[in-house]
Amino acid sequence: MSSLLVEIDPVVQTKDGDPLGSVFIETYGCQMNVSDSELMRGVLGDAGFSSADSIQEADVVLLNTCAIREHAEERVLGRLSQLRHLKTRKPDLVLGVCGCMAKHMSEKLMDRLPYVDLVLGPDSYRDLADLVVRSRNEPSLSVRLDRAEHYDGVDPVRTDGVNAWVTVQRGCDKFCTFCVVPYVRGRERSVRSDEVVRQVEVAAADGFKEVTLLGQTVNSYHDGVCDFPELLRRLSNVQGIDRVRFTSPHPSDFDDRLIATIAEVDEICKFVHLPVQSGSTKVLKRMQRTYSRESYLALVERLREEIPSLALSTDIIVGFPDETAGDFEETLELVRRVRFDFAFMFKYSEREGTVAHREIPDTVPETEKSSRLESLIELQSRISAEVNNEYIGSVLDVLVEGKARKGKGRVYGKSDGFKTVVFTSEALPNTIVPVRITSATQKTLLGEVTA
Ligand code: 5AD
Ligand code: SF4
């Protein structure tokens with residue numbers, strides 16, 4: 001998972017006949033939530049709901065939420081208190097909270113915020129349309145986890161971008177001591193490979209050239225007959241798909257077959273997001289990450305040996321309980337050694353329900369967490385800028401996403417290695433353009449189209 005925060009426009013197909021009302025979905029959190037919102041739009045569209053262009057116009061407002069850190073939940077609580085005023089003006093409005101925070105807070109959410117009509121966990125979306133209708137008369141709560149729910153046969157409605165998210169695995173069995181995901185998303189399960197292939201074929205038929213496979217520990221994917229390297233090979237053969245990405249793999253499930261598959265198959269992007277969380281074996285042990293500093297570094301070495309052009313990113317938590325200055329120094333040292341292309345960096349946030357919350361007191365003071373985070377960000381920013389500078393002079397194939405925010409006539413897109421590249425061109429979104437890199441910042445590469 002990563003911490004990408006997005007708000008996406010709602011689009012639900014309107015059906016002929018009596019509309020059930022219009023829906024606006026606002027999405028918080030990771031790509032899995034973006035994908036789940038697309039699934040929700042599919043369910044609602046099939047049932048006959050229409051889309052609303054804004055929250056103000058909507059008959060139903062759903063927040064698809066995140067619970068990974070306290071801050072994520074506070075954001076949603078703030079948003080809900082704003083929406084309360086909308087509800088006072090428009091009493092028939094259905095206000096729903098869906099996703100991880102809905103499961104995490106469950107009844108507490110309804111007790112604390114009686115104006116919320118609907119609380120729906122990540123395994124209840126199949127019943128979404130019925131529950132919305134029912135919640136017009138009485139508040140509805142559906143947060144039971146269902147390890148059999150793969151959402152087979154439900155087609156997402158994609159509204160955004162040039163990349164198709166495809167959820168191939170739901171839930172997580174790793175139970176890292178800091179993490180709430182196994183409790184709010186349930187046990188790990190893989191979507192049948194035939195169903196994944198079908199979904200990717202649908203995406204290709206809709207014109208998508210790039211797919212990103214999603215799972216909490218996506219490389220432990222196994223549907224009983226097909227494992228992750230095999231799945232990647234099958235998907236890279238789908239007609240029309242030029243790029244296959246995946247996120248997030250777990251270091252402990254990264255075997256040599258997977259490395260060889262990424263190296264061998266052209267369509268698989270040479271970019272891996274490999275969450276490390278800490279550079280100290282002692283801390284990793286308390287986090288129950290099941291690998292050591294040394295085995296992580298050895299994995300990075302193997303990856304780079306087999307795939308020399310590989311771009312790497314990571315997730316890091318600072319201030320996990322009892323993280324000493326020495327442990328933190330080991331994290332800095334690992335970051336200096338690996339030289340990630342970029343990193344998502346977080347202060348540890350204690351989450352109710354986790355092993356750490358029950359058994360490992362949150363000992364590092366907030367000020368210390370902040371100062372460690374600041375030093376880490378400073379280091380990684382410098383490295384990102386240096387790594388990006390090394391691209392100057394090279395030619396990258398860029399999949400155009402749209403017009404750049406700054407600079408007339410400029411477009412932006414992503415390279416195979418997940419670099420954002422900005423250049424002047426009239427190229428349309430969803431085309432692949434070769435670009436020579438002429439300059440770089442910490443976040444972006446700038447270039448010009450080559451012949
Ligand atoms: N506190 C801080 N960061 C967390 N993450 C997961 N749980 C927590 C927590 N309790 C981070 C991890 C994970 C990313 C998605 O969020 O780094 O990889
Ligand atoms: Fe959370 Fe660990 Fe599972 Fe990732 S692998 S979702 S950090 S429990």
Side-chain angles (χ1 to χ4, degrees), residues 1-6 28-34 36 65-75 99-101 103-104 122 145 167-190 214-221 228 246-254 272-280 283-291 296 312-321 323 328 331 334-335 340 342-364 366 369-370 372-373 376-377 380:
M1 297 179 305
S2 81
S3 62
L4 182 76
L5 200 81
V6 273
Y28 296 80
C30 65
Q31 290 97 335
M32 184 72 82
N33 268 8
V34 176
D36 277 357
T65 62
C66 171
I68 199 89
R69 284 169 291 275
E70 195 178 356
H71 178 69
E73 288 193 345
E74 280 165 357
R75 241 188 91 124
C100 296
M101 176 180 167
K103 170 65 189 167
H104 193 222
L145 293 173
T167 298
V168 303
Q169 178 198 55
R170 304 186 70 87
C172 182
D173 276 356
K174 291 284 193 268
F175 289 91
C176 301
T177 55
F178 54 81
C179 185
V180 80
V181 167
Y183 307 94
V184 295
R185 284 194 168 267
R187 302 308 298 262
E188 177 186 323
R189 64 219 104 123
S190 296
L214 299 177
Q216 307 296 345
T217 56
V218 71
N219 52 336
S220 66
Y221 175 92
F228 193 59
F246 57 89
T247 196
S248 291
H250 191 288
S252 299
D253 296 320
F254 225 112
V272 173
H273 180 70
L274 195 63
V276 66
Q277 313 298 1
S278 169
S280 149
V283 174
L284 289 170
K285 210 167 225 157
R286 282 203 304 279
M287 288 176 161
Q288 222 166 284
R289 285 294 288 179
T290 67
Y291 53 87
Y296 184 91
L312 259 184
S313 63
T314 199
D315 291 342
I316 300 171
I317 297 175
V318 301
F320 187 74
E323 181 190 73
F328 177 60
T331 297
L334 181 137
V335 167
F340 295 104
F342 65 90
F344 296 109
M345 296 158 281
F346 314 102
K347 286 191 268 187
Y348 171 65
S349 166
E350 189 177 71
R351 305 310 289 137
E352 203 178 323
T354 59
V355 174
H357 176 256
R358 286 196 302 275
E359 297 173 11
I360 316 177
D362 186 6
T363 51
V364 179
E366 190 57 29
K369 285 182 188 169
S370 298
R372 287 181 192 178
L373 183 63
L376 180 61
I377 291 175
Q380 180 55 48

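Ligands are counted one by one from 1 in listed order, and the atoms in each one are counted from 1 as well. As a basis for the values below, the full set of heavy atoms in this structure was taken, side chains included, without hydrogen atoms, waters or symmetry mates. None of the values given here were measured: they were computed from a predicted structure.
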Chemist: In ligand 1, which numbered atoms sit nearer than 4.0 Å to a non-hydrogen atom of Phe346?
Modeler: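 Those of ligand 1 that fall under 4.0 Å from Phe346 are 3 (N), 11 (C), 14 (C), 16 (O), 17 (O).
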Chemist: How far does CD of Glu350 sit from CZ of Arg69, to the nearest 0.5 angstrom?
Modeler: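 Going from the CD atom of Glu350 to the CZ atom of Arg69 covers 15.0 Å.
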Chemist: Can you name the atoms of ligand 2, numbered from 1 with element, that are less than 4.0 Å from a heavy atom of Pro182?
Modeler: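 By the 4.0 Å cutoff, the relevant atoms are 8 (S).
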Chemist: Side chain, backbone, both or neither: which applies to Lys347 and ligand 1 if a contact is any heavy-atom pair less than 4.0 Å apart?
Modeler: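 It is the backbone that touches ligand 1; the side chain stays farther off.
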Chemist: Could you tell me whether some N/O pair between Arg351 and ligand 1 is separated by less than 3.5 angstrom?
Modeler: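 Checking ligand 1 against Arg351, no N or O pair falls under 3.5 Å apart.
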Chemist: Side chain or backbone, does Asp315 bring an N or O within less than 3.5 Å of an N or O on ligand 1?
Modeler: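 Yes, since at least one N or O of Asp315 sits under 3.5 Å from an N or O of ligand 1.
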Chemist: Considering distance alone, does some N or O of Phe178 sit under 3.5 Å from an N or O of ligand 1?
Modeler: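 Checking ligand 1 against Phe178, an N or O pair does fall under 3.5 Å apart.
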Chemist: Which atoms of ligand 2 are found less than 4.0 Å from any heavy atom of Phe178?
Modeler: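 Counting atoms of ligand 2 from 1, those under 4.0 Å from Phe178 are 7 (S).
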Chemist: Please identify which atoms of ligand 2 are closer than 4.0 Å to at least one heavy atom of Thr217.
Modeler: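 That gives atoms 5 (S) of ligand 2.
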Chemist: Which of the numbered atoms in ligand 1 are under 4.0 angstrom from any heavy atom belonging to Arg69?
Modeler: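 Per the distance check, 1 (N), 2 (C), 3 (N), 4 (C), 5 (N), 11 (C), 16 (O).
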Chemist: Is the backbone N or O of Glu188 less than 3.5 Å from a side-chain atom of Asp173, with the two atoms forming a donor-acceptor pair by type?
Modeler: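 Pair found, side chain donor or acceptor close to backbone of Glu188.
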Chemist: Using heavy-atom distances only, which candidate in Gly171, Pro275, Cys172, Gly215 approaches atom 3 (Fe) of ligand 2 most closely?
Modeler: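 Ranked by closest heavy atom to atom 3 (Fe) of ligand 2, first place is Cys172.
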Chemist: Quick one: salt bridge (Lys or Arg N to Asp or Glu O under 4.0 Å) partners of Glu73, sequence neighbours excluded?
Modeler: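 Result, salt bridge (Lys or Arg N to Asp or Glu O under 4.0 Å) vs Glu73: Arg351.
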Chemist: Using a 4.0 Å cutoff against the non-hydrogen atoms of Arg289, which atoms of ligand 2 qualify?
Modeler: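 Those atoms are 2 (Fe), 5 (S), 7 (S).
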Chemist: Answer yes or no: is there a side-chain heavy-atom contact under 4.5 Å between Leu284 and Phe320?
Modeler: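 The answer is no, as the side chains (C-beta and beyond) never meet within the 4.5 Å cut-off.
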Chemist: Examine Cys176 and say whether one of its N/O/S atoms is closer to atom 1 (Fe) of ligand 2 than 2.8 Å.
Modeler: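 Cys176 does not place any N, O or S atom closer than 2.8 Å to atom 1 (Fe) of ligand 2.
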Chemist: Knowing that exactly one of Tyr221, Tyr291, Phe175 qualifies, which makes a ring pair (Phe, Tyr, Trp, His ring centres under 6.0 Å) with His250?
Modeler: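 Output: one option passes, namely Tyr291.
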Chemist: List every atom of ligand 1 that sits less than 4.0 Å from any heavy atom of Gln277, numbering the atoms from 1 in the order shown and giving each element.
Modeler: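 Ligand 1 atoms under the 4.0 Å threshold to Gln277: 12 (C), 13 (C), 17 (O), 18 (O).
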Chemist: Please check: side-chain N/O of Gln169 versus main-chain N/O of Gln216, any donor-acceptor pairing under 3.5 Å?
Modeler: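 Such a contact is found between Gln169 side chain and Gln216 backbone.
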Chemist: Which atoms of ligand 2 sit under 4.0 Å from any heavy atom of Phe175?
Modeler: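 Answer for ligand 2: 8 (S).
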Chemist: Taking salt bridge (Lys or Arg N to Asp or Glu O under 4.0 Å) as the test, write out the residues that go with Glu366, two or more places apart.
Modeler: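 Partners of Glu366 by the salt bridge (Lys or Arg N to Asp or Glu O under 4.0 Å) criterion, ordered by chain and then number, come out as Lys347.
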Chemist: With atoms numbered from 1 as shown, which atoms in ligand 1 lie under 4.0 angstrom from a non-hydrogen atom of Ile317?
Modeler: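 The atoms of ligand 1 under 4.0 Å from a heavy atom of Ile317 are 3 (N), 4 (C), 5 (N), 12 (C), 17 (O).
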Chemist: Determine the interplanar angle of the Phe346 and Phe344 rings, folded into 0 to 90°, and report it as parallel if under 30°, tilted if 30 to 60°, perpendicular if over 60°.
Modeler: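 Phe346 vs Phe344 ring planes: parallel.
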Chemist: Is any side-chain heavy atom of Phe178 closer than 4.5 Å to a side-chain heavy atom of Gln277?
Modeler: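 The answer is yes; the side chains approach within 4.5 Å.
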Chemist: Which of the atoms in ligand 1, numbered in the order shown and given with their element, are less than 4.0 Å from a heavy-atom of Ile68?
Modeler: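 Ligand 1 atoms under the 4.0 Å threshold to Ile68: 5 (N), 6 (C), 7 (N), 8 (C), 9 (C), 10 (N), 16 (O).
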Chemist: Does any N or O atom in Ser349 lie less than 3.5 angstrom from one in ligand 1, N or O only?
Modeler: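 Yes: some nitrogen or oxygen of Ser349 is under 3.5 Å from one in ligand 1.
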Chemist: Keeping the roles fixed (side chain from Ser220, backbone from Asp253), state whether a donor-acceptor pair exists under 3.5 Å.
Modeler: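 Flag not set: sc Ser220 to bb Asp253 has no pair under 3.5 Å.
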Chemist: I'd like to know if the side chain of Arg187 and the backbone of Cys172 have a donor-acceptor N/O pair within less than 3.5 Å.
Modeler: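 No.
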